[in-house]
Amino acid sequence: VVPGETALAFYKAKNPTDKPIIGISTYNVIPFEAGQYFNKIQCFCFEEQRLNPQEEVDMPVFFYIDPDFVEDPKMAKVDLITLSYTFFEAKEGQKLPLPGY
Amino acid sequence: MSTAMNFSSKTFTPRPPDKGAFPLDHFGECSAFKEQFMECLRHSGYESAACRQRAMAYLECRMDRRVAQLMANEPLEKLGFKDLIKEKSDEKPDKS
């Protein structure tokens, strides 16, 4: 990807059980310092998503890397940024504490 | 949260997306567009810039869905596809 250019990426999730699952996901960016330059325009995260038994869905993320990334001397050696998502099962009535949301 | 003086804090603070969440495409209505996009990425050695036309097509598919809105209608220029739109409108007169 080129900083400043919008990009699309896909993840895939599958519910291998025979019961519907309601999940919510959060993300992480490595290296840590690159996280501030990672901007999500739209994604599947932060909201509960329901996966039916055996269902497999594509999960898109539409994002861009802030163009200021190229100006930051700390980022000069960074040529790989890894975005990862973790899905948690949402429990009935439980409000997930999402810092900064 | 800890005080602002904690410069060495390594906790990552997730930020919500600018335009909210994508509803899941449970029926795979836009899967064909996604497949075309992924095929393009594989052929281009995963150069995102080479596949922007197909990425745009995928997002257009999401916006076009009448049955279940998979994406709020947003002018494509605002999603970083301004240059591709211009190409499209330049091309149109030649198409017969």
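Per chain, numbering begins at 1; letters A, B, ... match sequence-line order.
- Between A:Phe62 and B:Phe81, the ring planes are parallel. Angles under 30° get that label, and only those over 60° would be called perpendicular.
- Between the OG atom of B:Ser31 and the CZ atom of A:Phe10 there is a distance of 8.5 Å, given to the nearest 0.5 Å.
- The CD1 atom of A:Ile41 lies 7.5 Å from the NZ atom of B:Lys19; values are rounded to the nearest 0.5 Å.
- Hydrophobic clustering places A:Leu83 together with A:Val78 (ILVMFWY residues linked when any side-chain heavy atoms are closer than 4.5 Å, directly or through intermediates).
- In this structure, A:Thr6 contributes its side chain and B:Leu79 its backbone to a donor-acceptor pair below 3.5 Å.
- In this structure, the separation between CG on B:Asp83 and CD on A:Glu5 is 7.5 Å, given to the nearest 0.5 Å.
- Under the 4.5 Å side-chain heavy-atom criterion for grouping Ile, Leu, Val, Met, Phe, Trp and Tyr, A:Ile21 is not connected to A:Phe88 through any hydrophobic cluster.
- To the nearest 0.5 Å, atom CG of residue A:Leu8 and atom OG of residue B:Ser48 are 8.0 Å apart.
- The line from CD of A:Gln42 to CG of B:Asp18 is 9.5 Å long, rounded to the nearest 0.5 Å.
- With a 4.5 angstrom heavy-atom cutoff, B:Tyr46 does not touch chain A via any of its atoms.
- Interface remark: A:Val1 contributes backbone and side-chain atoms alike to the contact with chain B (heavy atom separation under 4.5 Å).
- Counting heavy atoms from C-beta on, the side chains of A:Pro60 and B:Tyr58 come closer than 4.5 Å.
- Put simply, CZ on A:Arg50 and NE2 on B:His26 are 8.0 Å apart, with the number rounded to the nearest 0.5 Å.
- Formation of a donor-acceptor pair under 3.5 Å by the A:Tyr27 side chain with backbone atoms of B:Arg15 is found in this model.
- Minimum interatomic distance between A:Glu47 and B:Ala21 (heavy atoms only, all atoms of both residues): CD-CB, 3.7 Å.
- By the 4.5 Å heavy-atom criterion applied to side chains, A:Asp58 and B:Leu24 are not counted as neighbours.
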